Asker: 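My questions will all concern the structure given below.
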There are 2 protein chains.
Amino acid sequence: MSSTHLPSTVGLRVVAALAQYGTVSSAADALHLTQSAVSKQLKNIEALVGAPLFDRTSQGLSPTDVGMIYIEQARIALGALETAAVRVAALRRSQPAIRLHVLPILGDRWFMPRFSRFAELHPEIEVEFTTFAASDTVEEADAVFRFGDGNWPGWRADYFLGREVILIGAPQLIARGGGISSLDDIRHYPVLEHRQTPLRWSDFAQATHLNEFVPARINRFGYYSLVIRAAIGGQGLALVPRSLIHDELASGQLINPLGLGFTSPNCYWLTTPANRPLGAGLATLREWLLQEARQSEPMEVALLQETAS
Amino acid sequence: MSSTHLPSTVGLRVVAALAQYGTVSSAADALHLTQSAVSKQLKNIEALVGAPLFDRTSQGLSPTDVGMIYIEQARIALGALETAAVRVAALRRSQPAIRLHVLPILGDRWFMPRFSRFAELHPEIEVEFTTFAASDTVEEADAVFRFGDGNWPGWRADYFLGREVILIGAPQLIARGGGISSLDDIRHYPVLEHRQTPLRWSDFAQATHLNEFVPARINRFGYYSLVIRAAIGGQGLALVPRSLIHDELASGQLINPLGLGFTSPNCYWLTTPANRPLGAGLATLREWLLQEARQSEPMEVALLQETAS
DNA sequence: TCAACGATAGTCCGAAATGGAATAGCTACT
DNA sequence: AGTAGCTATTCCATTTCGGACTATCGTTGA
């Protein structure tokens with residue numbers, strides 16, 4: 001009612017994607033747009049808001065105070081549209097589809113590349129995804145990916161992936177800092193942290209007997225994709241589930257100095273409502289997901305033993 | 001993530017306005033668009049959703065099941081954008097504006113026509129409105145219009161208007177049904193009801209000693225504007241705060257048979273947080289609002305006495 | 001210091017969406 | 001029938017949007 005001009009929905013999606021990916025180019029990729037288009041959309045929205053939403057750095061974008069507020073509300077708006085679509089679809093379908101809520105990081109790094117295989121294998125099973133959905137809408141889903149220790153009252157949780165957390169950094173960063181030849185060397189490096197899982201570093205210090213670890217600097221990010229991006233950009237060391245960065249490790253963009261890592265109790269789980277019996281389609285999907293996850297973590301058993309010793 | 005195409009924001013606003021006003025034409029007026037544009041926007045959204053959102057009647061539009069769902073989410077999305085705007089504005093402004101949350105019906109029928117006078121009188125006081133905002137966002141407002149009995153813990157409530165509820169109907173409807181020459185005649189007519197205030201009719205029956213009142217038919221609406229519109233359209237009798245329909249009574253579009261009505265404990269209140277002290281601007285605004293409301297209800301004292309007798 | 005790289009911003013242009021005016025069609029009521 | 005009050009549709013001018021391309025800036029590495 002206040003402003004006569006409303007932002008465009010693609011603008012909102014651009015803002016959300018920028019917050020998630022941290023650069024115009026990668027956000028553009030994710031949205032199937034060009035860098036130019038995303039840049040212009042951002043410019044439009046900022047003109048409409050009347051203030052910059054992101055600080056421009058040479059590495060990419062980071063949200064301003066105003067941006068934080070706007071991003072949050074943009075997500076809510078997009079989430080509403082998403083749940084509208086899902087609910088309408090559910091209402092119209094005689095045979096309901098499976099509603100699966102995926103976390104952004106899993107969606108980008110694990111799910112989307114693989115899911116087409118499932119769709120080919122089981123074309124008869126319809127699956128709908130939500131990503132932005134608010135917590136109360138998540139309750140409606142038939143299966144929900146969650147991050148945590150596997151204990152959610154009312155939900156059955158199966159371990160999915162991400163138990164194996166490793167220390168990573170960009171090779172340039174590590175070279176610049178003098179290299180990591182012993183555990184203590186990591187004290188010299190800045191570290192990156194995911195805002196929602198702040199205990200990672202203390203867990204790591206405890207698991208590796210690294211006493212009184214006080215990082216040189218801590219940068220916090222709201223998304224794992226940003227942590228990974230920042231790590232690739234050489235902004236610091238990070239603790240990341242190995243499964244999420246197979247590609248970067250293989251290509252050498254990131255390295256795992258000394259093979260350091262630990263097994264975290266906090267990881268990704270596939271959860272299903274405990275009171276609701278699993279339908280046939282959901283059972284198939286669940287089996288497939290869990291098996292695919294096991295295959296994508298081939299080293300885990302070895303490492304579990306190693307860390308346990 | 002599911003649909004590649006997002007609805008446009010004006011489309012969302014169109015849907016919300018259609019739900020509120022019930023006809024394409026009046027929604028178009030409210031949005032400062034033409035009927036043609038609104039019709040096309042609706043068509044676009046429906047094509048995108050894949051199902052009609054409204055049933056077309058010769059009287060206007062009424063939401064379908066799918067429509068209800070979509071409307072709800074559209075409101076949430078618009079509300080998010082609104083709160084984004086308000087919060088950003090609050091953040092940027094050194095001297096904060098007064099944030100006032102108005103109910104749709106009051107905004108349309110009472111507030112907007114009058115508020116420009118206040119803006120002229122006190123140009124130094126900035127006021128921001130919210131309409132769509134969700135309940136948790138309402139808590140941030142400096143003043144909130146509410147409907148109820150004046151009892152909200154933590155809020156100071158001043159009576160605003162709407163205590164005087166009268167029976168109204170379109171003259172054609174009443175003529176068609178044989179006229180209303182005694183209280184009992186209203187049993188023959190269909191009645192209109194506001195979804196959120198379902199007790200009106202039983203309160204009315206009790207206040208007027210109309211025993212065992214079972215309406216011929218009940219039509220329920222989600223907005224008071226729809227109730228009023230339906231009453232004007234001759235769809236039934238309604239119980240409506242007199243202050244909201246002065247114009248229609250004066251023009252003869254609606255009549256108040258036998259002067260029937262009652263004083264309801266549920267009405268509109270202007271509420272302010274009890275713990276927060278009123279700033280000077282807010283105090284001025286509050287005084288002005290309450291005084292204007294008193295002036296727009298000149299007959300009330302007389303009627304109060306009448307009904308009490 | 002210079003060149004390469006990767007980042008964002010800006011310009012030009014064709015395509016698509018949008019909104020307004022006018023028109024056509026429909027239904028209910030007199 | 002005829003009218004009033006709706007919505008839907010068509011035509012058209014205008015605006016917006018997105019992609020290709022180019023400019024520019026900062027960082028990295030030889």
Side-chain angles (χ1 to χ4, degrees), chain A residues 4-15 17-18 21-29 31-48 52-63 170-177 226 229-230 232-235 253, chain B residues 4-15 17-18 21-48 52-63 170-177 226 229-230 232-236 253:
Chain A
T4 55
H5 291 294
L6 284 168
S8 72
T9 30
V10 301
L12 297 180
R13 202 149 60 156
V14 160
V15 168
L18 282 173
Y21 293 97
T23 79
V24 174
S25 322
S26 53
D29 282 351
L31 298 176
H32 303 291
L33 288 174
T34 53
Q35 173 263 329
S36 153
V38 169
S39 179
K40 278 183 285 191
Q41 283 287 355
L42 175 59
K43 188 185 163 195
N44 285 345
I45 295 258
E46 288 183 328
L48 188 127
L53 300 182
F54 294 89
D55 284 328
R56 272 71 166 177
T57 78
S58 64
Q59 310 276 337
L61 310 184
S62 69
Q172 312 94 308
L173 173 82
I174 293 173
R176 218 184 316 148
L226 292 184
R229 252 201 63 81
I232 294 173
Q235 293 184 39
Q253 285 185 285
Chain B
T4 54
H5 290 293
L6 284 168
S8 72
T9 31
V10 301
L12 297 180
R13 202 149 62 155
V14 160
V15 168
L18 283 173
Y21 292 97
T23 78
V24 174
S25 322
S26 53
D29 282 351
L31 298 176
H32 303 291
L33 288 174
T34 55
Q35 173 262 330
S36 150
V38 170
S39 179
K40 276 184 288 191
Q41 284 287 354
L42 175 58
K43 189 184 162 195
N44 285 345
I45 296 259
E46 288 184 328
L48 188 125
L53 300 182
F54 293 89
D55 285 328
R56 271 70 165 177
T57 78
S58 64
Q59 310 277 337
L61 310 183
S62 69
Q172 313 94 307
L173 173 82
I174 293 173
R176 216 185 317 147
L226 292 184
R229 254 201 63 81
I232 294 174
Q235 293 184 40
Q253 286 184 286

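Residue numbers begin at 1 in each chain, while the letters A, B, ... track the order of the sequences. Bear in mind the structure is a predicted one, so any value in this text is a computation, not a measurement.
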Asker: Rounded to whole Å, how long is the line connecting atom CD1 of B:Ile232 with atom P of C:dC29?
Answerer: 16 Å

Asker: Okay, side chain of A:Glu46, backbone of A:Leu53: is any donor-acceptor separation there less than 3.5 Å?
Answerer: yes

Asker: Assign each of A:Gly233 and A:Ser8 to its nearest nucleotide of DNA chain D by heavy atoms, then name whichever residue's nucleotide is nearer the 5' end.
Answerer: A:Ser8

Asker: Looking only at atom types and distance, does a side-chain atom of A:Thr23 sit under 3.5 Å from a main-chain N or O of A:Gly60, one as donor and one as acceptor?
Answerer: no

Asker: Rounded to the nearest Å, what distance is computed from the CD1 atom of residue B:Ile45 to the P atom of nucleotide C:dG19?
Answerer: 11 Å

Asker: Which whole-number value in Å describes the distance from B:Asp55 CG to C:dC26 P?
Answerer: 18 Å

Asker: Quick one: B:Leu173 CG to C:dC29 C1', roughly how many Å, whole number?
Answerer: 13 Å

Asker: Closer to the 5' end of DNA chain C via nearest nucleotide, is it A:Lys43 or A:Ser58?
Answerer: A:Ser58

Asker: What's the CG-C1' distance between A:Asp29 and C:dA7, to the nearest Å?
Answerer: 13 Å

Asker: Roughly, in whole Å, what's the span from CG in B:Leu31 to P in C:dT18?
Answerer: 15 Å

Asker: Round to the nearest Å and state the distance from A:Lys40 atom NZ to C:dC13 atom P.
Answerer: 13 Å

Asker: Has A:Arg56 got a side-chain N or O lying under 4.0 Å from the OP1 or OP2 atom of C:dA9?
Answerer: yes

Asker: Nearest-Å distance, CG (B:Leu48) to P (C:dA17)?
Answerer: 12 Å

Asker: At under 4.0 Å between heavy atoms, what does B:Gln35 touch on the DNA or RNA strands: base, sugar-phosphate, or nothing?
Answerer: base

Asker: Return the 5'-most residue of the pair A:Ser36, A:Gly60 with respect to DNA chain C, ranking by each residue's nearest nucleotide.
Answerer: A:Gly60

Asker: Does B:Pro7 offer a backbone N or O that forms a donor-acceptor pair with the side chain of A:Thr9 under 3.5 Å?
Answerer: yes

Asker: Can you tell me how far OG of A:Ser62 sits from CG of A:Leu18, rounded to the nearest 0.5 angstrom?
Answerer: 11.5 Å

Asker: Under 4.0 Å, heavy atoms only, any strand: does B:Thr23 hit a base, just the sugar-phosphate, or nothing?
Answerer: sugar-phosphate

Asker: Who are the side-chain contact (heavy atoms from CB on, under 4.5 Å) partners of A:Thr57, not counting sequence neighbours?
Answerer: A:Gln59

Asker: Starting at CG of B:Leu33, measure out to OG of B:Ser25 and round the result to the nearest 0.5 Å.
Answerer: 12.5 Å

Asker: Nearest heavy atom decides the nucleotide; on that basis, is A:Gln172 or A:Gln41 closer to the 5' end of DNA chain D?
Answerer: A:Gln41

Asker: Hey, where on DNA chain D does chain A first and last touch, going 5' to 3'? Cut-off is any atom under 4.0 Å from a heavy atom.
Answerer: D:dC17 to D:dG29

Asker: Would you sort out whether A:Ile45 and A:Val15 count as a side-chain contact (heavy atoms from CB on, under 4.5 Å), showing the intermediate values?
Answerer: CA-CA 8 Å; A:Ile45 295 258; A:Val15 168; 4.2 Å; yes

